[in-house]
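All heavy atoms count here, side chains included; hydrogens, waters and symmetry mates do not. Source: prediction; values computed, not measured.
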Amino acid sequence: MLRKFLMSVSLVALIGSAAHAATPPADNAIKAALYDIGRAESQSARLSAGRKSAIARVKRMVEAARAQLKRSSHKDDASWKEAETRLKTIERKIAAVAGAGAAQTPSAPQSTLSRRELSLAQSLARQAVNSIKEVRKVEIAEFQQERIRKYYRQRVMNLAGQFKSISKKDDPAAIAAHQQIVQLARIVGEAEQAAAQQLAALGDVKGRFAEVEARYNRLRLPQVP
């Protein structure tokens with residue numbers, strides 16, 4: 001249906017263009033408008049709902065052309081009226097393409113949570129996202145420390161504990177919060193695992209340090225005065 005409409009609009013534009021060729025512009029403002037109209041007609045023939053930047057570009061051409069027509073002092077002239085007709089044809093095509101794109105865009109699912117629970121779910125999602133960003137900035141070696149591991153484990157547990165109070169776990173907002181909490185738990189777990197692997201590869205660092213210190217002591221170097 002949309003394709004048929006666009007084809008008919010293009011046909012009208014071509015007819016309008018041909019008719020206009022017989023009527024020279026009455027002034028320079030109309031002449032400038034016709035230049036933008038011609039460009040807009042050419043590019044509007046290739047418009048589609050997914051090409052938002054192209055739609056915006058044609059809209060700018062239309063606005064420029066309309067501004068020129070407003071400047072004209074020959075609004076009763078046939079050339080002005082023909083330019084206006086062509087301009088309206090392009091505007092209808094833009095509206096049709098934009099409308100088709102809006103129809104194809106699915107609307108976001110609506111939450112059925114109470115205001116308090118919705119606010120909680122959104123807050124949990126934000127906290128989880130911020131925590132994920134924070135964990136990613138922490139050096140893997142830091143997770144070799146028990147206090148660091150405990151800190152982030154506790155954060156995951158706190159978020160998960162608060163999530164339990166949400167009554168409708170299948171609500172879109174609740175699902176979004178749950179996904180972020182699960183992702184945080186996964187990233188923390190991966191960081192702990194990477195730290196453990198790194199520690200295993202290094203071996204007993206403390207033991208090696210003690211050995212180096214013992215060797216140094218055996219050298220009995222003179223004290224620095």
Could you measure the distance from the [atom1] atom of [X] to the [atom2] atom of [Y]? Nearest 0.5 Å is fine.
X      : Y      : atom1 : atom2 : result
Met61  : Leu87  : CE    : CG    : 12.5 Å
Glu63  : Asp36  : CD    : CG    : 11.0 Å
Ile90  : Ile37  : CD1   : CD1   : 6.0 Å
Asp76  : Lys81  : CG    : NZ    : 5.5 Å
Arg71  : Ile30  : CZ    : CD1   : 11.0 Å
Gln180 : Leu124 : CD    : CG    : 11.0 Å

Verify the distance criterion only: is there a donor paired with an acceptor across the side chains of Gln154 and Asn158 at less than 3.5 Å?
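There is such a pair (donor and acceptor under 3.5 Å, judged by atom type) between the side chains of Gln154 and Asn158.
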
Is it the case that the side chains of Gln127 and Ser123 hold a donor-acceptor pair, with the cut-off being a distance below 3.5 Å and no angle test?
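Distance-only check passes for Ser123 and Gln127.
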
May I ask whether [X] and [Y] are part of the same hydrophobic cluster, defined by side-chain heavy atoms of I, L, V, M, F, W, Y residues being less than 4.5 angstrom apart, directly or through others?
X      : Y      : answer
Tyr152 : Ile140 : no
Val62  : Tyr35  : no
Met157 : Tyr151 : no
Val129 : Leu120 : no
Ile181 : Ile175 : no

Shortest non-hydrogen contact from [X] to [Y]?
X      : Y      : result
Ile94  : Lys59  : CG2-CE, 3.5 Å
Ala173 : Ala121 : O-CB, 3.8 Å
Trp80  : Lys75  : CE3-O, 3.4 Å
Leu69  : Ala83  : CD2-CB, 3.9 Å
Lys169 : Lys164 : NZ-O, 3.2 Å
Ser165 : Glu117 : O-OE2, 3.4 Å

Throw together a table of side-chain donor-acceptor distances under 3.5 angstrom for residues 184-196, partners on residues two or more places apart or in other chains.
| from | atom 1 | to | atom 2 | distance (Å) |
| --- | --- | --- | --- | --- |
| Arg186 | NH1 | Glu190 | OE1 | 3.4 |
| Arg186 | NH1 | Glu190 | OE2 | 2.9 |
| Glu192 | OE1 | Arg153 | NE | 3.3 |
| Glu192 | OE1 | Arg153 | NH2 | 2.9 |
| Glu192 | OE2 | Arg153 | NE | 2.8 |

Do [X] side-chain atoms and [Y] backbone N/O form a donor-acceptor pair below 3.5 Å?
X      : Y      : result
Lys31  : Pro24  : no
Asp171 : Ser111 : no
Thr89  : Thr85  : yes
Lys150 : Gln145 : no

Counting only heavy atoms not in [X] (residues, nucleotides, ligands), do more than 12 fall under 6.0 Å from its [atom1]?
X      : atom1 : answer
Asn28  : CG    : no
Glu146 : CD    : yes
Lys88  : NZ    : no

